[in-house]
Amino acid sequence: MDIREHLQSALRAALSGVGVDPLPDEIALERPARREHGDWSSNVALAISKSLGKNPREVGMQLVESISADLPDHVESVEIAGPGFVNFRLSDTWLYDVLADVVSGGTTEYATPDLGHGESVNVEFVSANPNKPIHAGHGRGACYGDSLARLRERCGYDVTREFYLNDRGVQMHRFADSLEARKLGEEPPEDGYHGEYVARWASEMPDDADPFEWGYARALASHRETLGKLGIEFDSWFSERSMIASGAIDETLADLNARDAVFEHDGATWLRSTDHGDDKDRVIVRSDGDYTYLLPDIAYHRDKFSRAGHLVNVWGADHHGYVSRMKAAMSFLGHDADELEVVITQLVDLERDGEPVRMSGRSGDLIELDDVITEVGSDAARFTYLMQSVDSRQTFDLDEVKKQAMDNPVFYVQYAYARVCSIEAKAREAGVDRLPLDQIDLTLLTHERETDLLRSLFELPELVEIACTENAPHRISGWAREQAAALHGFYHDCYVMGEGVSAELTQARLALVEGSRIGMAIALDLLGVSAPESM
RNA sequence: GCGCCCGUAGCUCAGCUGGAUAGAGCAUCUGACUACGGAUCAGAAGGUCGGGGGUUCGAAUCCCUCCGGGCGCGCCA
């Protein structure tokens, strides 16, 4: 049993003992910020005192007396503090159970909370138009979406990574026309694409190629290649065009009609999206008979719901206005709008040595993600994109990120991993094999550096769960940085082998080192950052 | 004007379904190398949590309001 559940059941028993009925649904238990407040703290007395009509300190005191009368395992003392907190002081013995879990579970078993029970989830991200290279701003959504998928997989979901291709419509034709013009040595049309890449691709294009199809394939290949460099592979590339061929778009329109979700006005067909909380109703078929972008999008989401129970969309900040209309459309089609989760990622400002780098200009030039990866490397790019919450705008300084120095967190973290591997390699060289857990005396791990590492390892499963539930991979990168700090501290103060280190202590520390390696490997994998054995 | 995101240390950012004296990294200053990789470790200093109200035992966190920044508000995609 988890130490938290262990203490919660003790509190529950104590509450019953003092006549609290019914018991509260939740008994909060957290690690206090300050060490003198013990190892675990509960505010349950503060939470329930009002309904009891008693002073919280008095309630807390009763709980403390009750629990003290028969201390649970691992608990050294219980005390009342502040306005009525019940603080537990534990012996380190509970931490040894944690290490045993980590080492016996390994990277595939430890920190795998089963939240999904095999439920299918479709994570759609990037979905950049197949008519230009992926730019640096897409990198954030790409790394973020892939990390969300990794978190979901770890938490027991059946995940599909999907990329939606807007492979029809005016933008594609403009792209084809621009390619053709460059091929002929002419300027692209006024409303065409003027970026440098158009000329580059046109020069690769065979004379007899169809500019539309060839250009589409070229852009798609570019997307795959760039994302592949980040270790991102999609299970599904879903084509908008395929829905024309399959009749899915017309089918969707008929479905919406049948459900009375649309009306005719001024010769156009409108979705009654205001019925489901949108600001205004939206045109889905124009008066000239053409679809607006929205109808194929609705058809696409309808199709996704036929393939997965839960959808996660990663959209850029400039698309936040479309969330409510898409949810409205899904509600009309009989889906639970809450099963469509749309995460908005804020913009990325690219800088070089503190100076802004222009993302785009009149010429249509942009900073390609591929160039960013070439410059800073995949690991640094991924870690950096995932270091902060996607809710706030990010400044991405190329010079900072590519620095192979201590002010670059990715190297600090990877170096910690490499050090751990180096210790294990050293032990192997010295002919010291790590013994099975039941032959190791973990109670020798009493140094503060050691218990810090154990506490950090204990937190990982809960953190994985939070990161998954809240779509917040930055919680994992934060953990990795703390774990790395704990590892460097341990490395500095606690020698695994050498003079004055007993064989028994070496064994206990080797187990700790292996547990730490496992934890770090799990975190780095969730971020899609490599775990180097040497650097 | 309306909607969404943001405003926390000099800088970059955590913390936000309310908890105790608000955290980390960088930068600055001071210390630590005769053993597993010093790409490291320890310490110091650094704050009106944008301003103002409110809710309550308790607010960076919830509510209202104002200020500042970003992104959206098409029969474009």
Side-chain angles (χ1 to χ4, degrees), chain A residues 26 28 30 32-34 36-37 41-43 46-47 49-50 55-57 81-85 87 129 166 168-172 174 265-270 278-280 282-294 296-297 316-324 344-347 349 354 387-397 400 403-409 411-412 414-416 418-427 429-430 432 449 470 472 474-475 477-478 481-482 484-485 487-501 506 509-510 513 534-535:
Chain A
E26 286 265 331
E30 59 181 31
R34 305 182 63 80
E36 68 253 36
H37 293 141
S41 176
S42 178
N43 66 355
L46 291 141
S49 61
K50 184 173 280 183
N55 178 320
R57 219 178 138 95
F85 291 101
N87 293 342
N129 288 345
N166 293 102
R168 59 169 282 279
V170 293
Q171 299 301 337
M172 287 301 287
R174 285 178 185 161
H265 179 68
D266 288 345
T269 305
W270 300 66
D278 196 5
D279 294 339
K280 46 184 90 163
R282 309 288 171 180
V283 172
I284 56 175
V285 183
R286 300 192 311 224
S287 52
D288 65 7
D290 282 349
Y291 311 137
T292 64
Y293 78 95
L294 188 55
D297 251 19
D318 53 342
H319 285 75
H320 78 259
Y322 311 144
V323 176
S324 54
I344 300 298
T345 63
Q346 297 300 316
L347 300 184
D349 292 313
M387 221 161 36
Q388 86 184 62
S389 161
V390 292
D391 285 343
S392 57
R393 196 172 173 136
Q394 179 170 41
T395 303
F396 191 113
D397 192 311
E400 292 292 326
K403 243 186 248 175
Q404 313 239 337
M406 59 192 267
D407 55 349
N408 190 349
F411 287 98
Y412 182 82
Q414 288 187 314
Y415 181 53
R419 270 190 154 171
V420 158
C421 293
S422 156
I423 293 173
E424 295 187 332
K426 203 83 183 177
E429 276 172 35
V432 179
R449 298 296 204 177
E470 297 182 355
H474 73 279
R475 301 296 294 267
S477 51
R481 294 173 72 174
E482 281 175 23
L487 265 170
H488 286 307
F490 166 78
Y491 180 90
H492 192 266
D493 289 348
C494 303
Y495 288 93
V496 174
M497 287 156 294
E499 294 170 32
V501 182
T506 292
R509 285 180 171 169
L510 276 177
V513 162
S534 66
M535 292 174 72

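The sequence lines fix the lettering, A, B, ..., with proteins before strands; numbering per chain opens at 1.
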**Request:** Using the P atom as the reference point in each nucleotide, state the distance between B/rG72 and B/rA9 in Å, no decimals.
**Result:** 28 Å
**Item:** Touch class at under 4.0 angstrom, heavy-atom based, for A/Cys421 against every strand present
**Value:** nothing
**Request:** For the residue pair A/Asn87 and A/Ser41, confirm or rule out a side-chain donor-acceptor distance under 3.5 Å.
**Result:** yes
**Item:** Whole-angstrom distance between B/rU21 and B/rG25, as gauged at atom P
**Value:** 23 Å
**Message:** Distance check, C1' atoms only: B/rG46 and B/rA24, in whole angstrom units.
**Reply:** 14 Å
**Prompt:** Between B/rC11 and B/rG50, how far is it from one P atom to the other, in whole Å?
**Reply:** 14 Å
**Request:** Any strand is fair game: report the nucleotide pairing with B/rC2 by Watson-Crick or G-U wobble, both distances under 3.5 Å, or none.
**Result:** B/rG72
**Asked** Which nucleotide in the set B/rU40, B/rG38, B/rC75 lies at the smallest distance from any side-chain heavy atom of A/Ser287?
**Response** B/rC75
**Closest to the A/Gln388 side chain, choosing from B/rC75, B/rC13, B/rC36** = B/rC13
**Prompt:** With a 4.0 Å cut-off on heavy atoms, is A/Met535 in touch with a base, just the backbone sugar-phosphate, or nothing at all?
**Reply:** base
**Request:** Taking only the side-chain heavy atoms of A/Tyr322 (C-beta and beyond), determine which of B/rC76, B/rU40, B/rC5 contains the nearest atom.
**Result:** B/rC76
**Asked** Between B/rA39, B/rC75, B/rC36, which nucleotide has the shortest distance from any of its atoms to the side chain of A/Phe411?
**Response** B/rA39
**Request:** Consider the side chain of A/Lys280, meaning its heavy atoms from C-beta on, and name the nucleotide among B/rC73, B/rA77, B/rC36 that approaches it most closely.
**Result:** B/rC73
**Message:** Measuring only the P atom in each nucleotide, how far is B/rA22 from B/rA44? A whole number of Å is fine.
**Reply:** 16 Å
**Request:** Classify the nucleic acid contact of A/Ser422 as base, sugar-phosphate or nothing, counting any heavy atom under 4.0 Å across all strands shown.
**Result:** base
**Fill in**
Winner on side-chain proximity to A/His488, out of B/rC36, B/rC41, B/rG74, is B/rC41
**Item:** Nearest-nucleotide pick for A/Ser392, side chain only, options being B/rG70, B/rA14, B/rG74
**Value:** B/rA14
**Prompt:** Is the shortest heavy-atom distance from the side chain of A/Leu46 to the side chain of A/Pro83 under 4.5 Å?
**Reply:** yes
**Prompt:** So what does A/Ala268 hit on the nucleic acid, given a heavy-atom distance under 4.0 Å: a base, only sugar-phosphate, or nothing?
**Reply:** base
**Request:** Can you figure out which of B/rC36, B/rG72, B/rC75 approaches the side chain of A/Arg286 most closely?
**Result:** B/rC75
**Item:** Closest listed nucleotide, where the reference is the side chain of A/Met497 and the choices are B/rC71, B/rC36, B/rC41
**Value:** B/rC36
**Message:** My understanding is that a pair needs two contacts under 3.5 Å, Watson-Crick or G-U wobble. By that rule, which nucleotide pairs with B/rU12?
**Reply:** B/rA24
**Message:** Holding to side-chain contact (heavy atoms from CB on, under 4.5 Å), I want the full list of residues that pass it with A/Gln394, two or more places apart in sequence or in another chain.
**Reply:** A/Arg140, A/Val348, A/Thr384, A/Tyr385, A/Gln388
**Request:** Sugar-phosphate means primed atoms, P, OP1 and OP2; the rest is base. With that split, encode nucleotides 15-21 of chain B 5' to 3' as B, S or - using protein heavy atoms under 4.0 Å.
**Result:** SS--BBB
**Request:** Select base, sugar-phosphate, or nothing to describe what A/Asp397 touches, counting heavy atoms under 4.0 Å on all strands.
**Result:** nothing
**Request:** Please determine, for the side chain of A/Arg449, which listed nucleotide (B/rC73, B/rC41, B/rC4) has the closest atom?
**Result:** B/rC41
